[in-house]
Protein chains: 2
Amino acid sequence: MPEPGSLSRSSSTAKPSAASTSNSIAVGAKIRHDIITGVHPPGGKLREAALAKQYDVSRIPIREALRSLESEGLVESRPYSGSMVAPSPIEDAEDLFEIRIVLESATAKRAAKRAAQQSNGEAPDERWRMIRKEINEILAAGDIVIGEERYEDLAVLNMRFHFAVAELSGSLSFVSLLRQISGKIEWLYSLNVTRRGPQAWPEHRDIIAAIDAGQETKAAEVMGQHVRRSRDSYFAMMADRPS
Amino acid sequence: MPEPGSLSRSSSTAKPSAASTSNSIAVGAKIRHDIITGVHPPGGKLREAALAKQYDVSRIPIREALRSLESEGLVESRPYSGSMVAPSPIEDAEDLFEIRIVLESATAKRAAKRAAQQSNGEAPDERWRMIRKEINEILAAGDIVIGEERYEDLAVLNMRFHFAVAELSGSLSFVSLLRQISGKIEWLYSLNVTRRGPQAWPEHRDIIAAIDAGQETKAAEVMGQHVRRSRDSYFAMMADRPS
DNA sequence: GCTTATTGTTTTGTATACAAACTTTCAGTA
DNA sequence: TACTGAAAGTTTGTATACAAAACAATAAGC
């Protein structure tokens with residue numbers, strides 16, 4: 001018995017979840033991690049009693065975690081029938097990339113718009129400066145992680161970067177919508193991170209440059225290109241490995 | 001004491017929720033309805049014990065319902081601190097409309113693309129025909145409802161129409177993403193349905209016409225215009241009533 | 001042999017009970 | 001009077017126990 005819960009470093013993920021219960025959050029993060037890393041295979045049944053024993057909590061936190069994962073699309077449930085791991089995100093890769101293209105182009109555009117407003121001194125937003133600073137740290141951390149080839153951490157940093165851009169947009173709605181699909185995006189990304197990661201990371205600086213310059217259209221375009229390249233890289237990878 | 005749960009016809013909503021538990025679904029739908037109709041005012045605290053008594057169930061289904069509503073953005077929670085009704089969607093109206101513009105333009109575009117494939121006889125998709133037929137019924141039902149000025153039902157039909165278009169796109173990811181914000185959209189829509197509803201309904205036929213013709217670009221454009229008009233109508237309404 | 005009813009088992013759904021954490025209140029002090 | 005601090009009270013978080021529904025296996029009937 002592999003004891004799935006015990007082998008996951010709960011600190012490895014940046015916990016983008018906005019759930020509620022203290023323990024449920026931790027358990028949910030563990031199960032999410034174990035789904036993404038394949039400990040719980042796609043289509044596999046998730047019995048509440050078994051999970052409760054594995055993660056050493058009662059069924060209640062397990063249920064809450066499963067509800068949260070269900071809303072992220074990582075788990076599917078039917079009343080009185082139980083939960084199972086969602087089919088591999090490979091199935092809706094095309095859709096997910098298209099959603100990212102339209103959503104994230106919009107966030108980049110809005111972020112650039114706000115940047116322009118900032119430089120006009122219109123609104124000296126402290127929160128904006130904080131997030132903008134955090135992005136620099138994320139980018140620097142990514143450079144290091146790539147040098148050390150710690151790709152699992154790169155996947156997390158990549159997610160954090162895209163969330164940060166969404167936060168720059170100033171729209172909580174966009175952030176929370178992005179969060180809804182972040183589970184599947186990260187799942188998908190982790191399948192190709194060794195190939196795409198090092199190539200993709202420098203592109204993030206181009207996105208930020210356009211945002212900083214306040215060029216709305218260009219920011220949207222660069223972000224769209226970025227996601228499109230991720231998509232193409234993903235499908236190229238799939239073509240190479242038709243496993 | 002107004003007994004909030006008892007005055008909601010649970011059959012009035014088409015239950016777009018994909019939650020799980022039998023009773024939790026019903027309770028969640030009731031609470032959602034009571035939030036949208038203002039029984040639970042924005043910012044109001046939602047105590048689990050009180051809700052349990054009001055809706056005559058235990059705290060467990062209440063909790064599950066609150067989690068579901070939280071993921072829809074209708075409720076906000078903090079660990080050990082409780083839940084409250086989210087601030088009125090008025091706050092993020094601009095964002096919600098922008099999200100709808102980019103998302104629903106994409107669904108309309110994809111639906112048109114699939115329609116073109118259908119007419120080429122490429123894939124005789126039975127499910128497509130079923131949804132397409134359902135749309136005709138929705139449109140007809142809307143005409144009747146407008147004639148009778150039953151605007152609450154129109155809000156539901158409007159939501160069903162936009163969901164149906166998303167389903168025509170063939171992408172479950174788009175549908176579930178739309179579902180995530182459907183609560184707030186419906187909430188927002190219900191504030192302006194008497195004004196916008198009758199005006200907006202005929203536009204739906206233009207959208208479907210473009211989709212049926214397989215004109216991707218036009219379908220996206222018409223859908224975008226449709227949502228933009230809703231947005232403008234909404235803000236015009238807000239300007240008239242600065243309550 | 002195949003379909004269908006029936007019962008037994010398993011699993012989820014819900015209620016109750018208890019533990020943990022936050023909030024508020026109220027002294028006490030500077 | 002304003003502020004710090006602790007303790008009571010309230011509310012959420014979790015565990016256990018029981019009820020209801022789905023699933024599976026078996027047997028009866030055609």
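Proteins get letters first, then strands, A, B, ... in listed order; numbering begins at 1 in each. Keep in mind that what you see is a predicted model, and the values were worked out from it rather than measured.
Taking atom CG on A:Asn23 and atom P on C:dA19, their separation rounds to 17 Å, with Å as the unit. A straight line from CG of B:Leu51 to P of C:dT14 spans 16 Å, rounded to a whole angstrom. Atoms CD1 (B:Ile25) and C1' (D:dA21) sit 14 Å apart, rounded to a whole Å. We find that NZ of A:Lys53 is positioned 12 Å from P of D:dT16, with the value rounded to whole Å. The separation between B:Glu64 atom CD and D:dT14 atom P is 13 Å, rounded to whole Å. For the pair B:Ile62 CD1 and D:dT11 C1', the computed distance is 15 Å after rounding to whole Å.
Relative to the side chain of A:Glu48, the nucleotides C:dT14, C:dT23, C:dG13 differ in distance, and C:dG13 lies closest. Distance from the side chain of B:Ser81 is smallest for C:dC22 among the nucleotides C:dC22, D:dT14, D:dA15. The listed nucleotides are C:dA15, D:dA21, C:dA21; the one nearest the side chain of A:Tyr80 is D:dA21.
Between A:Glu98 and B:Arg110 there is a salt bridge, since at least one side-chain N of the basic residue sits less than 4.0 Å from a carboxylate O of the acidic one. Of the charged side-chain nitrogens involved, none lies within less than 4.0 Å of a carboxylate oxygen, so that B:Arg67 and B:Glu64 do not count as a salt-bridged pair.
Nearer to the 5' terminus of DNA chain D, by closest-nucleotide assignment, is the contact made by B:Arg47 (compared with the other of B:Ile60 and B:Arg47).
Ring pair B:Phe97/B:Tyr234 is tilted by interplanar angle, where 30° to 60° counts as tilted.
In this structure, B:Leu46 reaches the sugar-phosphate backbone alone: every heavy-atom distance under 4.0 Å involves primed, P, OP1 or OP2 atoms, never a base. Contact annotation for B:Arg59: base contact, defined as any heavy-atom pair under 4.0 Å involving a base atom.
Remark: A:Ser58 is in phosphate contact with D:dA15, judged by side-chain N or O atoms under 4.0 Å from OP1 or OP2. Considering only side-chain N and O atoms, A:Arg63 lies nowhere under 4.0 angstrom from the phosphate OP1 or OP2 of D:dG13.
Within the 4.5 Å cutoff, the side chain of B:Lys133 has no heavy atoms near those of the B:Asn136 side chain.
For the pair A:Ala155 and A:Val193, the tightest heavy-atom approach, listed with the atom from each and the gap, is N-CG2, 4.3 Å.
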